[in-house]
Amino acid sequence: MPVYKGEARMSSPDLNPPQTEAALHTQGPLLVFAGAGSGKTRVITYRIANLIAKEGVPPYRILAVTFTNRAAKEMRERLGKLLGDSIARDIWAGTFHSTCAKLLRQYGASVGLTRTFVIYDAQDQKSLVARILREHNYDDKRFAPKQVLSWIGKQKQEAKTPDTCTDNAFERGYAELYALYDKQLRACNAVDFDDLILRTSQVLSDPKNPDGDRIRNRFEYVLIDEFQDTNAVQYKLMRSLVSAHKNLCVVGDDDQSIYSWRGADVRNIRGFEHDFPDAKVVKLEQNYRSSAHIVGAALAVIAPSRTREPKELWTANEAGEPIEVIGLETEREEAALIVSYARQAREAGLDLRDVAVFYRINAQSRVLEEALRAANMPYQIVGGMKFFDRAEVKDALSYLRVLDNPKSDVDLLRVINTPARGIGDSTVDKLTTHAALRGLSITDALACADEVADLSSGPKKKLAAFGKLLVQLRERALTLAPSELLSEVLDESGYRATLRAENSPEADSRLENLQELYGSLRDFEVEVAAAGEVATLSGFLERVSLVNDVDQMEDAARVTLMTVHSAKGLEFNLVMLTGMEEEMFPYRGFDGRDDDQLEEERRLAYVAITRARQRLVMTHVQRRQIFGTTRACVPSRFIGNLPHDAVVHRSTSLPRPRYVDQPNYATYGSSRDTRRESERPWSHPQGPPRQAPPPVAPGERFVDREFFDEGASDFDDGPHFRPGSSVFHERFGHGKVSAIAGGAEPIVTAFFPGWGEKKVLMKFLSAGR
DNA sequence: CGCGAGCTCTTTTTT
DNA sequence: AGAGCTCGCG
């Protein structure tokens, strides 16, 4: 019998009244509006603990859906502390996607999936659609794979199937493609991300399907976090999941709804009471996380939003440090400032894991990264190019996936000529045509390669040899541990040998990445073994598909760089929010932004600000080089919204002249402007700052560099090697640098006695004698 | 059939 | 600025 050790705490002042109300709720629907930093996670864990300990609900009958796997893991850890790890382990906790993947492994048969189905990512999807377009002679001017996929994705997010998706003649072509794409996925025993939800929902909503009832009976209590970011299928799935008992708790904040572009519908949370009229509603409005200045700033930024659920965030915390708004000339200077601030924070005793740098788009990270690296400041970048998206890693995974699931054509085609084994495009074309005509998978077609029409004996032999390789490897897969299989694959396929033979710095780097993949597979095996289970290939591949970068984030003493989207749900002592300029944040895409999108940008800014506990720094520049051109920049309207008394302005130069074309702006961006957001000018000028930084004579150039470190801005010569430097390399020993080629991964040319001149990646070098 | 060079094209946010 | 693509050559 579980003993609930935290019982004493439950009634203690640990929880405020609304928190207690939510935590003690048991039966029926519950809607929790959880303001930023209002102790939401704690309420959720206490509530689950209460269900288990007081109500006697078995942990395995509780499903908790979180936004990231990281959040699920953290929740489990907290519950472990309250109830013990063995109980916490039995709770179902994960994202919608990982939960559905788990369910489909077991209950996927009725929707055409076997236990070894694979999950296709964006790249896989694209290559599949491209192939369909080619094979069916679609006009690739009218049908771009990306557009086709985004249209299909939208249908799936709205729970629409190929036959129910549209009767609009204009969209007929898309609907046909959806049908073809769907058919291919089924033939491949594969799903895409949206399918994970859609197919699970289909299992649940088919009244004749006994699996639906099995799943329903399994979960007596369902909790969904970040509910404002659920889409229509997820909502539908949720409804059929709880239709019997209605023991549903949803938690969210409409002010933090930032994923509408992914199909998320904020009406799910705003209209919740309509679908569940007897729902109990609790509002958590006290912020415990941030200083009063930061809470005030967040409120000021979100206030102009026209559509908000009524609620009032407040805090009893102290005012704290003012928010710093810093104007700089270029993005390089901005990066230098970030380095300088991080350094000062570290010297002041702040742990670097408590320092974060946010930006609106990933493209902004490069310059920041270069500056941090040059300054030897430890950092990690979340997002951007993922480890598992690298070509060599994807190749290796494709081998594993097609071994696990022979029907996966996309994976087979990816590796059929990687490394090059003389199977060219025309041979592959004939093979795929042959397979399509007979309704075979490519693996099957390979098994009888000599029957392929129009193929001479050379290519046939090569196909047969590759087919044989796969058969042999598949046999080995039966007895080998997944990590051993990977090793075998890399050897037998010639992949490793080909890279070794290349003997270039890039190839070395790829080999290293493959080694890292091997390492992560080993880690997975150890972890699974610790839980008393056996590591399966499918299990590993699924994890790889569904982890995101925030899940992967290391808990190390480093500055963290990420997009604002990735930052949702996290918190840091010091947050530096970069690129606070019109067109950057709010971001302006190709076709501008409509009102709804601008509101979402505003909510995004709200999310960014509320991540900070003690200190918030916002930077903006006068000109920024991005996408190959230089743009002139104006401070973001969100800066204009900040309360004057909470802000200190600084800059390294006089702001650009402001062309005031709207008399209203004398109040420095106050929300007195009642026009709709989109009617206000885009590059609207700021009024003069109310609270000027140190006084400056008009026209005089004011440069305030006292808040810079000496030397922080000249990171150009930052790389610690230059021509003439002595370096050390694992294999080549000591040498002397002759040249350095920059870029994200700098390549150093150096002379090594006994080896001659070699080009190596800088990361493989250390300082020599 | 495979590789390289030039070309174009795209550029938000991600499970 | 960078990646991905097509085309042409060996």
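Letters A, B, ... are given to chains in the order of the sequence lines, protein chains preceding strands, and every chain is numbered from 1.
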Whether A:F143 and A:Y138 hold their rings parallel, tilted or perpendicular, with breakpoints at 30° and 60° |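 Perpendicular: the ring planes of A:F143 and A:Y138 meet at over 60°.
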On the 0 to 90° scale, with breaks at 30° and 60°, tag the A:Y235-A:F227 ring pair as parallel, tilted or perpendicular.
->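 Tilted.
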Rounded to the nearest 0.5 Å, how far does CG of A:L546 lie from NE2 of A:H97?
->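 Result: 8.0 Å between the selected atoms.
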Separation between OH of A:Y495 and CD of A:E392, rounded to the nearest 0.5 Å | 6.0 Å
Between [atom2] on [N] and [atom1] on [X], what's the gap in Å once rounded to a whole number?
X	N	atom1	atom2	answer
A:R134	C:dT6	CZ	C1'	13 Å
A:L149	B:dT15	CG	C1'	15 Å
A:M562	B:dT12	CE	C1'	17 Å
A:Q234	B:dT14	CD	C1'	12 Å
A:K430	B:dC1	NZ	C1'	12 Å
A:E226	B:dT13	CD	C1'	15 Å
A:E502	B:dG4	CD	P	9 Å
A:Q123	B:dT14	CD	C1'	14 Å

Think A:T563 has a side-chain N or O under 4.0 angstrom from the OP1 or OP2 of B:dT14?
->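 Yes, such a contact exists.
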Counting only side-chain N and O atoms of A:N417, is one of them less than 4.0 Å from OP1 or OP2 of B:dC1?
-> no
Under 4.0 Å between a Lys/Arg side-chain N and an Asp/Glu carboxylate O for A:K40 and A:D253?
-> no
Check every strand shown and say whether [X] touches a base, only sugar-phosphate, or nothing at a heavy-atom separation below 4.0 Å.
X	result
A:Y259	sugar-phosphate
A:D229	nothing
A:S426	sugar-phosphate
A:N362	sugar-phosphate
A:S98	nothing
A:I258	nothing

On DNA chain B, nearest-nucleotide positions of A:F96 versus A:T427: which is more 5'?
->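 It is A:T427, whose closest nucleotide lies nearer the 5' terminus.
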Pairwise 5' ranking along DNA chain B for A:P459 and A:H565, keeping only the more 5' one |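 The 5'-side residue here is A:P459.
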Taking the side chain of [X] as heavy atoms from C-beta outward, which of [options] is closest to it?
X	options	value
A:K146	B:dT10, B:dT14, B:dG2	B:dT10
A:T95	B:dT13, B:dT15, C:dA1	B:dT15
A:K126	B:dT13, C:dG2, C:dC5	C:dC5
A:R366	C:dA1, B:dT12, B:dT11	C:dA1
A:H97	B:dT15, B:dT11, B:dT14	B:dT15
A:F627	B:dT14, B:dT11, B:dG2	B:dT11

Can you check whether A:L463 reaches A:I416 side chain to side chain, under 4.5 Å on heavy atoms?
-> yes
Has A:R543 got its NZ or CZ under 6.0 Å from the middle of the six-membered ring of A:F540, at an angle within 45 degrees of the ring axis?
->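 The answer is no; the distance or angle limit is not met.
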Measure distances between side-chain N and O atoms of A:R262 and base N and O atoms of B:dT12, and say whether any donor-acceptor pair falls under 3.5 Å.
-> no
Donor-acceptor pair (no angle test) under 3.5 Å: A:R360 side chain, B:dT13 base = yes
Euclidean distance for P, C:dT6 against B:dT11 (whole angstrom) = 16 Å
Aromatic stack A:W261/B:dT13: centroid gap under 5.5 Å, interplanar angle under 30° = yes
